[in-house]
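Basis for what follows: all heavy atoms, side chains included, without hydrogens, waters or symmetry-related copies. Letters A, B, ... are given to chains in the order of the sequence lines, protein chains preceding strands, and every chain is numbered from 1.
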Protein chains: 2
Amino acid sequence: MSPRPTLRDVATHAGVSLGTASKALNKSGTLRSETRNKVLASARALGFRPNDLAQALHRGQSYTVGLISNDSFGRFTMPIMEGLEDVLHEAGIALFMCNATDDPEREKRHIDQLLGKRVDGLVFTGRRADRRPAPGLNLGGLPTIYVFSQSDEPGSVCLLPDDAGGARLATEHLLALGRGRIAHVTGPQDFEAVRLRHEGYRQALTGADRAVDPDLVLYGDWSEHWGREALHRLCALAQPPDAIVAGNDQIGRGLLEAMRERGLVAPDDIAVIGFDNWSVMAEAARPPLSSIDMNLRALGEEAGRRLRRMMAGEEIASTARLPCSLVVRASTDPTA
Amino acid sequence: MSPRPTLRDVATHAGVSLGTASKALNKSGTLRSETRNKVLASARALGFRPNDLAQALHRGQSYTVGLISNDSFGRFTMPIMEGLEDVLHEAGIALFMCNATDDPEREKRHIDQLLGKRVDGLVFTGRRADRRPAPGLNLGGLPTIYVFSQSDEPGSVCLLPDDAGGARLATEHLLALGRGRIAHVTGPQDFEAVRLRHEGYRQALTGADRAVDPDLVLYGDWSEHWGREALHRLCALAQPPDAIVAGNDQIGRGLLEAMRERGLVAPDDIAVIGFDNWSVMAEAARPPLSSIDMNLRALGEEAGRRLRRMMAGEEIASTARLPCSLVVRASTDPTA
DNA sequence: CTGAAAGCGCTAACAA
DNA sequence: TTGTTAGCGCTTTCAG
């Protein structure tokens with residue numbers, strides 16, 4: 001690294017004192033505009049860039065937040081990160097991401113590094129039921145927030161999409177389409193999101209005075225394969241469904257594919273809606289798959305706002321869920 | 001932020017001097033093991049963690065590398081990041097990622113922040129033909145490497161997958177299967193990767209004394225939709241192909257889907273191979289799609305090694321390409 | 001309006 | 001073997 005110029009270099013170059021140079025660059029104190037410009041010119045000439053490390057050391061604040069992701073594909077983390085970044089940037093805070101890939105060892109290492117770098121806040125992200133800082137690591141009151149993720153520590157601040165609300169939205173959409181037998185094909189029951197989405201599905205049906213038919217609720221894994229298999233099972237029923245809420249877009253897409261092969265048409269024979277609004281999947285499906293968007297970017301933004309408030313010393317209510325939205329495509333509405 | 005204990009606090013707590021505490025914690029100098037242990041105990045008791053900012057300020061090295069990603073989905077960046085991280089960690093270097101999402105403004109901001117934090121190295125990643133540090137930003141000799149990405153600056157260090165070699169591998173695989181009419185359905189021609197992969201395809205054919213039939217080379221976009229359309233076009237030829245090299249897995253999957261609908265069987269009627277080995281896509285295809293893996297994690301590791309050498313002052317040859325590997329699935333080999 | 005000096009937390013050279 | 005001190009680059013009083 002070619003030695004970067006220091007503030008002292010700038011001062012010398014401009015023929016002023018260190019303090020003066022500092023004032024000029026920080027617009028603090030009162031300076032003759034002549035001196036100010038002289039300093040600024042020198043700074044530019046030398047390619048000066050203040051050393052954040054020194055600044056942070058001085059003020060005891062790094063203006064930096066660390067993001068630890070356990071979502072190894074980045075599919076969920078990226079939009080969250082963008083939202084976070086936008087909001088933090090407004091406050092002059094930098095966001096750095098570390099990838100933990102669900103490896104506790106790695107995660108511990110990262111937390112350690114971030115603490116050493118004296119970050120002013122910490123964000124954890126990535127689905128994981130029982131998230132919590134690696135044991136033994138004392139975060140010492142560092143503002144911490146879990147986004148799209150949860151901690152089992154009492155009092156921790158978590159921000160999640162409203163899974164139940166999303167599923168309700170999906171189911172109500174199908175009800176509004178006049179569907180009477182609505183199935184739910186979803187992922188593994190040990191995911192909280194699966195249970196919540198089922199609850200939303202149930203609420204919507206109950207709200208419309210309809211009972212939940214247990215034959216129409218199928219748990220499996222998150223794959224397209226499972227979606228295909230589930231469709232065949234549903235079709236084997238005495239009374240097959242006329243609509244399906246899928247637990248995610250991959251399952252939804254599997255359902256649609258199996259339908260095509262059986263000569264069934266969506267939405268005429270069965271309307272299908274997914275969850276996640278993963279565009280690569282949803283848009284490539286035939287017909288394109290309606291879905292529930294978790295508004296992850298907005299989730300990130302809200303996380304950033306809360307974190308800022310926490311950094312300012314405010315106490316924050318422990319957990320919140322943000323609304324999902326409905327994205328209609330041809331699998332439920334041919335005119336979409 | 002509850003004030004973290006400083007080294008001085010530890011020293012006081014242990015009843016020794018500042019210098020002694022430092023020696024104890026850094027295993028430097030010679031200390032009585034008794035004092036050493038006393039200090040370590042105090043450090044643990046107080047939850048002491050050295051302030052990297054101060055350390056970095058002192059030694060003029062931050063032991064930190066910044067990664068700037070332009071891959072907004074993280075699909076390519078994540079594995080690269082893992083590889084990088086592993087190698088850098090061995091050298092006690094932390095890796096922080098910033099997301100630029102192909103927004104030059106954002107990117108500039110991030111470079112700025114990273115320079116301010118005095119990172120010891122910089123990595124750019126994410127497909128983009130004409131990458132280069134945002135104009136006017138003087139990196140001042142900071143070790144910089146482009147992975148899965150390129151800079152047009154002369155002498156810049158770039159590390160890429162061997163796209164041509166990958167396509168050659170794919171084509172040779174099909175040739176080895178005894179296929180005679182091999183098509184190439186790929187993405188937009190203005191991608192360098194598209195041109196290189198085509199070149200690899202050509203080389204393999206030429207190497208087997210076969211001519212390239214222009215009718216069998218189709219350019220489109222990277223979507224499944226294009227794959228489906230391309231298959232129909234190929235089937236309309238007087239002499240349809242008996243094998244296809246797809247430019248990526250999405251196109252490959254589109255080809256397979258359209259085949260199913262026409263009642264064609266892979267690999268019997270047409271063998272299909274993709275590129276990227278994006279497991280979500282490749283494994284969900286029917287039959288599962290053979291593909292070319294770009295070994296992104298290895299790419300990241302090699303980038304880390306090169307960066308370390310650069311940080312040590314070594315000069316590095318400007319550009320290198322790392323081999324891809326063949327992943328055989330049922331779309332070319334039913335026994336796979 | 002500008003300069004000098006202290007100190008953020010740490011390491012390393014030098015004294016004791 | 002341990003203590004003292006200077007200084008990394010910056011900001012911020014307090015003098016001049």
Side-chain angles (χ1 to χ4, degrees), chain A residues 1-40 42-43 46-64 92 113 115-120 140, chain B residues 1-40 42-43 46-64 92 113 115-120 140:
Chain A
M1 177 161 101
S2 85
R4 290 213 155 265
T6 72
L7 185 54
R8 159 143 278 126
D9 296 330
V10 174
T12 310
H13 185 273
V16 299
S17 80
L18 188 63
T20 305
S22 172
K23 283 163 209 156
L25 288 167
N26 298 308
K27 308 172 200 298
S28 64
T30 44
L31 288 197
R32 229 181 348 166
S33 69
E34 198 182 312
T35 2
R36 232 183 70 81
N37 292 334
K38 200 167 46 174
V39 173
L40 292 178
S42 297
L46 296 179
F48 172 76
R49 189 181 310 278
N51 186 329
D52 287 352
L53 274 50
Q55 289 188 166
L57 184 59
H58 178 83
R59 49 165 73 112
Q61 248 204 319
S62 64
Y63 283 94
T64 300
Q113 288 172 343
L115 289 177
K117 299 239 174 328
R118 293 299 187 267
V119 291
D120 301 323
Chain B
M1 177 160 101
S2 86
R4 290 211 154 265
T6 72
L7 186 54
R8 160 143 278 124
D9 295 331
V10 175
T12 310
H13 184 273
V16 300
S17 80
L18 187 63
T20 305
S22 171
K23 281 165 209 156
L25 289 166
N26 298 307
K27 308 173 200 296
S28 64
T30 43
L31 288 196
R32 231 181 348 166
S33 68
E34 197 183 313
T35 3
R36 231 182 72 82
N37 291 334
K38 199 167 48 175
V39 173
L40 293 178
S42 298
L46 297 179
F48 171 75
R49 191 181 308 279
N51 186 329
D52 287 352
L53 275 50
Q55 290 189 167
L57 185 60
H58 177 83
R59 50 166 67 113
Q61 250 203 318
S62 63
Y63 283 93
T64 300
Q113 288 173 342
L115 289 177
K117 298 238 175 331
R118 293 299 188 266
V119 291
D120 301 323

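Per the geometry, CZ belonging to Arg59(B) stands 22 Å off P belonging to dA6(D), to the nearest Å. Here dC8(C) presents its P atom at 17 Å from CD of Gln55(B), a figure rounded to the nearest Å. In this structure, the NZ atom of Lys27(B) is 13 Å from the P atom of dT11(C), given to the nearest Å. Here dT11(C) presents its C1' atom at 14 Å from CD of Gln61(B), a figure rounded to the nearest Å. The interatomic distance linking Asn51(A) (CG) with dC8(D) (C1') rounds to 9 Å, in whole Å. Distance CZ (Arg4(B)) to P (dC8(C)): 18 Å, rounded to an integer number of Å. Taking atom CZ on Arg8(B) and atom C1' on dG3(D), their separation rounds to 11 Å, with Å as the unit. For the pair Leu7(A) CG and dT11(D) P, the computed distance is 6 Å after rounding to whole Å.
The side chain of Thr35(B) places an N or O atom within less than 4.0 Å of a non-bridging phosphate oxygen (OP1 or OP2) of dT2(D). Of the side-chain N and O atoms in Ser22(B), one or more sit less than 4.0 angstrom from OP1 or OP2 of dT11(C). For dT11(C), the OP1/OP2 oxygens have a side-chain nitrogen or oxygen of Asn26(B) closer than 4.0 Å.
Shown here are the side chain to side chain donor-acceptor pair (under 3.5 Å) partners of Thr12(A), two or more places apart in sequence or in another chain: there are none. Contacts of Thr35(A) classified as side chain to side chain donor-acceptor pair (under 3.5 Å), with partners at least two apart in sequence or in another chain: none. Among residues two or more places apart in sequence or in another chain, the salt bridge (charged side-chain N to carboxylate O under 4.0 Å, His left out) test is passed with Arg32(A) by Glu34(A).
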Might you list the N or O atoms of the protein lying below 3.5 Å from N or O atoms in nucleotides 5-7 of chain C, with each pair's distance?
from	atom 1	to	atom 2	distance (Å)
dG7(C)	N2	His58(A)	ND1	2.9

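Using a 4.5 Å heavy-atom cutoff, the side chains of Val39(A) and Val16(A) are in contact. Inter-residue side-chain proximity for Gln55(A) and Pro50(A) is flagged as met; some heavy-atom pair is nearer than 4.5 Å.
Residue pairs meeting the salt bridge (Lys or Arg N to Asp or Glu O under 4.0 Å) criterion with at least one partner in residues 8-22 of chain A, sequence neighbours excluded, do not occur; the list is empty. Note on residues 22-31 of chain A: pairs passing side-chain hydrogen bond (donor to acceptor under 3.5 Å, both in side chains), not counting sequence neighbours, are Ser22(A)-Asn26(A).
Out of dC10(D), dT11(C), dG9(C), the shortest distance to the side chain of Ala54(B) is found at dG9(C). Picking from dC1(C), dT11(C), dT1(D) the nucleotide with the shortest atom distance to the side chain of Thr30(B) gives dT1(D). In this structure, the nucleotide among dT2(C), dC8(C), dA13(C) sitting nearest to the side chain of Lys23(B) is dA13(C). Of the listed nucleotides (dC10(C), dT2(D), dC10(D)), dC10(C) has the atom at the smallest distance from the side chain of Pro50(B).
With DNA chain D read from its 5' end, the first of the two nearest nucleotides for Ser17(B) and Leu57(A) is the one closest to Ser17(B).
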